[in-house]
Amino acid sequence: MSQLQRIAIAPSQFQQGQILLTKEQQHYLGRVLRLHEGDRFIAMDGKGKWWLAQLAGEQAQVLEALLVETELPVSITLMVALPKGNGFDEVVRCCTELGVTCIAPVLSDRTLLHPSPQKLERWRRIAAEAAEQSERSFVPTILEPVAFNMGLSLVMNHLSFANSQQYICEARGEFPHLKDCLHHKGQMTIVIATGPEGGWTTQEIENAKSAGFQPVSLGRRILRAVTAPVVALSLITASCEV
């Protein structure tokens, strides 16, 4: 299966054993990937469904559904204080490859970037491309940026605390290493928060602790705002994927 080209489709394009291809997809399959009538490829809808399909003009014939087990055994929500510049593009790309379930960009007291609405569309497109490239079954959800305290409230309101773990990464202070805190009991939900340039404020750490977050360290070095999320995701995937 790995030698076949893959494209992402919208779930609505799958109809009665056929995939209705857009003009852009037809161009991509025919002109860019050089596929011809009768050639096979893989279609993924970003919701966990994959199909082996055969090109047939402006549509594709679905030959069979595919079972792809590339997802992590835990659900990971990443709360990221938005870094400056275009750094968040790389955070979205790398963390999608690593298996994140949901990315919640937040504006902290020290956040320098206040993104435009077009940024959210761009981040979602990057997530879709990265999921396709890394052969994931699901495309991560990218939420709209909110203030950090509102992000904490959203987490509080949507989590089942009986089966979830919440961590906030802090470079300064004597906190236990994330790798020593992770423990898995069945279908876990993990929420991990990483800070902006300059780190979280003392009040933000206190607010997170009040919301059930445990402060943790990612090591003895001070990591860049775009590096910390990747390190955190790598530690979680290494501990839960055997």
Side-chain angles (χ1 to χ4, degrees), residues 46-48 69-82 88 91-92 94-108 123-124 127 130-131 134 136-171 173-196 199-219 223 225 227-242:
K47 304 289 185 183
E69 297 179 345
T70 54
E71 296 302 312
L72 295 170
V74 296
S75 171
I76 306 172
T77 293
L78 175 67
M79 292 180 68
V80 191
L82 283 168
F88 196 65
V91 171
V92 170
C94 291
C95 291
T96 296
E97 290 180 31
L98 286 165
V100 75
T101 310
C102 175
I103 299 178
V106 294
L107 306 172
S108 74
W123 296 332
R124 287 173 172 165
S134 55
R136 288 197 54 184
S137 301
F138 292 88
V139 176
T141 301
I142 313 291
L143 302 179
E144 292 192 30
V146 296
F148 179 55
N149 286 338
M150 184 180 292
L152 291 175
S153 298
L154 291 172
V155 168
M156 288 281 287
N157 293 336
H158 289 89
L159 280 183
S160 166
F161 280 86
N163 211 23
S164 66
Q165 301 169 37
Q166 297 84 236
Y167 303 104
I168 183 165
C169 301
E170 175 53 51
E174 296 297 320
F175 298 115
H177 199 291
L178 174 61
K179 68 178 173 59
D180 298 323
C181 299
L182 295 166
H183 51 88
H184 306 296
K185 304 187 296 287
Q187 280 297 107
M188 291 294 306
T189 297
I190 296 175
V191 183
I192 186 102
T194 62
W200 301 110
T201 63
T202 302
Q203 188 59 56
E204 286 171 333
I205 294 290
E206 290 304 314
N207 291 347
K209 287 166 69 175
S210 298
F213 282 70
Q214 176 183 348
V216 293
S217 166
L218 294 178
L223 303 176
T227 307
V230 178
V231 172
L233 261 290
S234 299
L235 288 166
I236 294 170
T237 57
S239 88
C240 71
E241 207 168 28
V242 292

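Between Val191 and Gln165 there is no side-chain heavy-atom pair separated by less than 4.5 Å. Between Lys179 and Ser239 there is no side-chain heavy-atom pair separated by less than 4.5 Å. Within the 4.5 Å cutoff, no side-chain heavy atoms of Phe175 are placed close to those of Cys169. Side-chain contact between Val216 and His177 is absent, with no heavy-atom pair separated by less than 4.5 Å. Within the 4.5 Å cutoff, the side chain of Phe213 has no heavy atoms near those of the Ile205 side chain. Counting heavy atoms from C-beta outward, Pro145 and Leu82 have side chains that approach closer than 4.5 Å. The closest side-chain heavy-atom distance from Leu78 to Leu233 is below 4.5 Å. Two residues are said to be in side-chain contact when any heavy atoms from C-beta on lie closer than 4.5 Å; Glu204 and Ile168 fail this criterion.
Heavy-atom minimum distance, Gly99 versus Leu72: O-CD1, 3.5 Å. Of all heavy-atom pairs between Cys240 and Val74, the closest is SG-CG2, 3.8 Å. Across all non-hydrogen atoms, the minimal contact from Cys181 to Gln214 is SG-NE2, 3.3 Å. Residue Ala104 comes nearest to Leu143 through the heavy atom pair CB-CD1, 3.9 Å, listed as atom of the first residue, atom of the second, then distance. Considering every non-hydrogen atom in both Gly195 and Ala225, the closest pair reads O-CB, 3.7 Å. Closest non-hydrogen pair, Ala131 versus Pro140, comes out as CB-CD, 4.5 Å.
Checking side-chain atoms of Arg136 against main-chain N and O of Glu97 turns up no donor-acceptor pair under 3.5 Å. The backbone N or O of Ala130 sits less than 3.5 Å from a side-chain atom of Ser134, completing a donor-acceptor pair. Judged by distance alone, the side chain of Thr101 and the main-chain N or O of Ser75 form no donor-acceptor pair under 3.5 Å. Remark: side-chain polar atoms of Glu170 are not paired, donor with acceptor, to backbone N or O of Pro215 under 3.5 angstrom.
Listed by first and then second residue, the side-chain hydrogen bond (donor to acceptor under 3.5 Å, both in side chains) pairs involving residues 139-149 are Asn149-Asn207 (not counting sequence neighbours).
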* Asked: Can you check side-chain contact (heavy atoms from CB on, under 4.5 Å) on Ile103 and Trp123, steps first, answer last?
  -> CA-CA 10 Å; Ile103 299 178; Trp123 296 332; over 6 Å; no
* Check the pair Val92 / Val100 against side-chain contact (heavy atoms from CB on, under 4.5 Å), numbers first and verdict last. => CA-CA 9 Å; Val92 170; Val100 75; over 6 Å; no
* May I have the step-by-step check of side-chain contact (heavy atoms from CB on, under 4.5 Å) for Leu178 and Leu218, ending in yes or no? => CA-CA 6 Å; Leu178 174 61; Leu218 294 178; 3.9 Å; yes
* Evaluation steps, side-chain contact (heavy atoms from CB on, under 4.5 Å), between Val80 and Val106 -> CA-CA 6 Å; Val80 191; Val106 294; 5.9 Å; no
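Here OG of Ser217 is found 13.5 Å from OH of Tyr167. Values are rounded to the nearest 0.5 Å.
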